[in-house]
Undergrad: 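Input: one structure, supplied below.
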Amino acid sequence: MNNLPPSLWIAEDFADLERLVSSAKDFVVPSDDLRPRVVEAARDIDVRRAELTKLRNFGICMAGLWVSILGLFWVLAGYRDELSAPTSEQVQRQALEYSAYAGTNVDWALVETFRQLRGGDDRSH
């Protein structure tokens, strides 16, 4: 064969190459264990592919779960003020406001404030 690039090869060279390969058919004989080795290699490839598929599916499920959880937190963050209990500062402020409004003791105003927050009878205002 010459060292020319494939685009400059002559058709006769291919004919010579085909004759050379054809004449070697009696010299090249597969070994007895060729088929079992090929089958085992194919099984190994199939096992690796199955493992990669399981890993990919697990990753997709984890990503979906992560997105779902983040979405749930985002939705719940919108209801944060409605779902959270008042802080002690807010309760103290409401008790002081009730005490000034009703003219009662601050301690009794705190009791009334808690009663109002828990949904008891509304005697505060």
Side-chain angles (χ1 to χ4, degrees):
M1 210 64 202
N2 55 26
N3 292 332
L4 295 174
S7 61
L8 299 177
W9 286 351
I10 303 171
E12 294 174 2
D13 290 340
F14 287 116
D16 291 340
L17 181 61
E18 287 182 26
R19 278 193 297 276
L20 182 63
V21 170
S22 178
S23 66
K25 69 180 178 184
D26 295 329
F27 297 108
V28 177
V29 178
S31 63
D32 292 336
D33 68 336
L34 177 65
R35 187 178 192 291
R37 284 187 304 166
V38 169
V39 169
E40 183 178 340
R43 283 186 186 144
D44 288 344
I45 290 171
D46 190 45
V47 166
R48 281 189 230 129
R49 184 175 294 139
E51 289 172 353
L52 287 175
T53 300
K54 287 178 185 177
L55 184 63
R56 183 194 69 217
N57 291 343
F58 178 75
I60 289 171
C61 288
M62 287 296 107
L65 181 64
W66 181 251
V67 167
S68 299
I69 289 172
L70 286 178
L72 178 65
F73 282 132
W74 183 74
V75 167
L76 290 178
Y79 294 105
R80 180 175 159 208
D81 294 334
E82 297 170 18
L83 297 176
S84 64
T87 63
S88 63
E89 181 182 332
Q90 292 170 334
V91 171
Q92 292 287 339
R93 188 175 351 99
Q94 286 179 358
L96 288 173
E97 288 173 2
Y98 179 76
S99 174
Y101 172 77
T104 62
N105 186 353
V106 176
D107 296 330
W108 185 251
L110 188 60
V111 170
E112 289 298 323
T113 302
F114 278 121
R115 186 177 295 160
Q116 181 183 8
L117 288 173
R118 289 185 179 170
D121 60 288
D122 190 14
R123 291 185 279 166
S124 60
H125 294 176

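All residue numbers refer to positions in the sequence shown, counting from 1. Keep in mind that the numbers below use all heavy atoms, side chains included, and drop hydrogens, waters and symmetry copies.
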Undergrad: Look up atom CG in Leu65 and atom CD1 in Ile60, then write down how far apart they are to the nearest 0.5 Å.
TA: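 Spacing of CG (Leu65) from CD1 (Ile60) equals 13.5 Å.
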Undergrad: Taking the side chain as C-beta and beyond, is there a heavy-atom pair between Arg115 and Val111 under 4.5 Å?
TA: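 Yes, their side chains come closer than 4.5 Å.
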Undergrad: Is Tyr79 linked to Trp74 within one hydrophobic cluster, defined over Ile, Leu, Val, Met, Phe, Trp and Tyr using a side-chain heavy-atom separation of less than 4.5 Å?
TA: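 Linked within one cluster.
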Undergrad: With sequence neighbours excluded, give me every salt bridge (Lys or Arg N to Asp or Glu O under 4.0 Å) pair touching residues 32-47.
TA: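 Found Asp33-Arg37.
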Undergrad: How close do Ala109 and Ala95 get, counting heavy atoms only, and between which atoms?
TA: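 Where Ala109 meets Ala95 most closely, the heavy atoms are CB-O, 3.2 Å.
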Undergrad: Does Trp66 sit in a hydrophobic cluster with other residues, and if so which ones, taking ILVMFWY side chains as linked at heavy-atom separations under 4.5 Å, directly or through other members?
TA: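 For the cluster that includes Trp66, the remaining residues are Leu70.
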Undergrad: When you measure from the side chain of Thr104 to the backbone N and O of Ser99, does any donor-acceptor pair fall under 3.5 Å?
TA: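 The answer is no, because no donor-acceptor pair under 3.5 Å joins these two groups.
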Undergrad: Do Leu76 and Val67 share a hydrophobic cluster (ILVMFWY, side-chain heavy atoms under 4.5 Å, transitive)?
TA: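 Leu76 does not cluster with Val67.
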Undergrad: Applying a strict under-4.5 Å side-chain criterion to I, L, V, M, F, W and Y, I'd like to know whether Met62 and Ile69 cluster together.
TA: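 Yes, same cluster.
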Undergrad: Could you state the interatomic distance from CG (Asn105) to CD (Glu112), rounded to the nearest 0.5 Å?
TA: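 If we round to the nearest 0.5 Å, Asn105:CG and Glu112:CD are 12.0 Å apart.
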Undergrad: Just to verify, what does Ile45 make a side chain to side chain contact (heavy atoms under 4.5 Å, CB included) with, not counting sequence neighbours?
TA: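 Only Arg48, Arg49 meet the side chain to side chain contact (heavy atoms under 4.5 Å, CB included) criterion with Ile45.
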Undergrad: Measure from the side-chain N and O atoms of Ser23 to the backbone N and O of Arg19, and report whether any donor-acceptor pair falls under 3.5 Å.
TA: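 Checked: pair present.
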Undergrad: With Thr113 as reference, evaluate Val91, Leu96, Val106 under the side chain to side chain contact (heavy atoms under 4.5 Å, CB included) test and give the passing residue.
TA: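 Considering Val91, Leu96, Val106, a side chain to side chain contact (heavy atoms under 4.5 Å, CB included) with Thr113 is found only for Val91.
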